[in-house]
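Notes follow the structure.
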Amino acid sequence: HMSSERQEYTEISPWWGEHIHRYLEACKYIGAADNVLDIACGNGFGSNMIAKHTQGQVVGGDLSDEAISLSNKNFHHYNLEYKVIDGTNIPFSNSYFDVVVSFETIEHTYKYEKMLEEFKRVTKPGGKLILSTPNFIVNSPSGKVTNPYHTQEFTYQELKKIISNYFEHYIIYGQKYNRYKKSFGFSQLIEWFFY
């Protein structure tokens with residue numbers, strides 16, 4: 001179950017700042033020659049940002065044929081290619097990528113553990129996974145997941161436990177933004193980054 005909650009490239013939206021911010025942060029951890037997989041790349045703008053940051057191979061992968069078509073139409077770079085990829089069955093050999101990037105993905109599938117296994121498998125030893133997912137406590141303050149596209153959301157402790165099953169070294173960061181401040185009264189929403 002990977003329903004679409006995609007941010008369209010042509011849509012004017014307050015979400016753009018945080019989408020771009022995530023990719024700018026990710027680029028700080030990507031080396032000049034790193035091979036990078038951006039899984040759930042959506043419309044491809046983030047993969048394109050990464051491709052301009054490294055001379056390594058960059059692959060933007062998404063489950064949606066439509067997303068890959070849009071990506072191919074809108075963004076081109078000499079070291080960038082887009083492929084239809086299921087994050088639970090990544091068609092690359094073990095230890096292929098220096099960095100795997102996956103923003104706002106694991107909350108969209110019940111198979112998130114299989115996905116994390118695959119992320120680990122295709123990442124080189126000493127490589128990095130950079131991932132974000134909503135904080136359940138902040139994103140669903142009612143105590144029930146209300147986003148119809150999310151199969152589950154995680155608390156800080158739950159996320160820490162899940163990640164530690166796959167990765168020995170990790171850092172969890174909070175992301176604060178006040179997209180809702182004026183109209184809804186929330187002062188912040190927090191999401192995690194880790195690698």
Just to verify, what does K161 make a salt bridge (charged side-chain N to carboxylate O under 4.0 Å, His left out) with, not counting sequence neighbours? none
Side-chain contact test, heavy atoms from C-beta onward, threshold under 4.5 Å: evaluate it for C27 versus I50 and give yes or no. yes
Any non-hydrogen side-chain atom of V84 less than 4.5 Å from a side-chain atom of D62? no
Report the residues that fulfil salt bridge (charged side-chain N to carboxylate O under 4.0 Å, His left out) with D98, sequence neighbours left out, ordered by chain and then residue number. K124
Any non-hydrogen side-chain atom of D38 less than 4.5 Å from a side-chain atom of Y23? yes
Measure the spacing between OG1 of T133 and CD1 of I106 and express it to the nearest 0.5 Å. 4.0 Å
Taking the side chain as everything from C-beta on, heavy atoms only, tell me whether L24 gets closer than 4.5 Å to M49. yes
Does atom CD (Q152) have a neighbourhood of more than 12 heavy atoms from anything else shown, all under 6.0 Å? yes
Distance, nearest 0.5 Å, that separates CG of N74 from OH of Y82: 8.5 Å
Just so I know, are the side chains of K128 and V100 near enough to count as touching, which here means a heavy-atom distance under 4.5 Å? no
Would you mind reporting whether V59 and V36 have side-chain heavy atoms less than 4.5 Å apart? no
Spell out, as yes or no, whether a donor-acceptor pair under 3.5 Å connects the side chain of H150 to the backbone of T146. no
Test item: E117 and Y112 side chains (from C-beta on) under 4.5 Å apart, heavy atoms: no
For N79 against H77, the heavy-atom pair lying closest together: OD1-ND1, 2.8 Å
Taking the side chain from Q57 and the backbone from N35, do they hold a donor-acceptor pair closer than 3.5 Å? no
Supply the atom-to-atom distance S95 OG to K120 NZ, rounded to the nearest 0.5 angstrom. 10.5 Å
Please determine whether side-chain contact (heavy atoms from CB on, under 4.5 Å) holds for the pair I130 and F103, giving the CA-CA distance in whole Å, both sets of side-chain angles, and the decisive distance to 0.1 Å. CA-CA 8 Å; I130 305 170; F103 293 141; 3.9 Å; yes
Looking at every heavy atom in both Q55 and Y78, which two are closest together, and how far apart are they? CG-OH, 3.4 Å
Separation between CD of E168 and CD1 of I163, rounded to the nearest 0.5 Å: 14.0 Å
Please give me the minimum heavy-atom distance between T105 and I39, naming the atom from each residue. OG1-O, 3.9 Å
For N48 and F45, indicate whether the former's side chain and the latter's backbone hold a donor-acceptor pair under 3.5 Å. no
For K83, check salt bridge (charged side-chain N to carboxylate O under 4.0 Å, His left out) against everything at least two apart and list the hits. E81
Check whether more than 12 heavy atoms from other residues, nucleotides or ligands sit under 6.0 Å from atom NZ of K114, and answer yes or no. yes
Salt bridge E25-K28, side-chain N to carboxylate O under 4.0 Å: yes
R22 versus E104: any side-chain heavy-atom pair under 4.5 Å? yes
Closest approach of T109 to M115 (non-hydrogen atoms, all atoms of both residues): CG2-CE, 3.7 Å
Would you say the ring centroid of Y166 lies under 6.0 angstrom from that of F119? no
When you measure from the side chain of S47 to the backbone of C41, do you find a donor-acceptor pair of N or O atoms at a distance under 3.5 Å? no
Search all heavy atoms of I30 against all heavy atoms of H53 and return the closest pair with its distance. O-NE2, 3.2 Å
Rounded to the nearest 0.5 Å, what separates atom CD1 in I162 from atom NZ in K160? 13.0 Å
So which atom in I85 and which in P91 form the shortest heavy-atom distance, rounded to 0.1 Å? CG2-CD, 3.7 Å
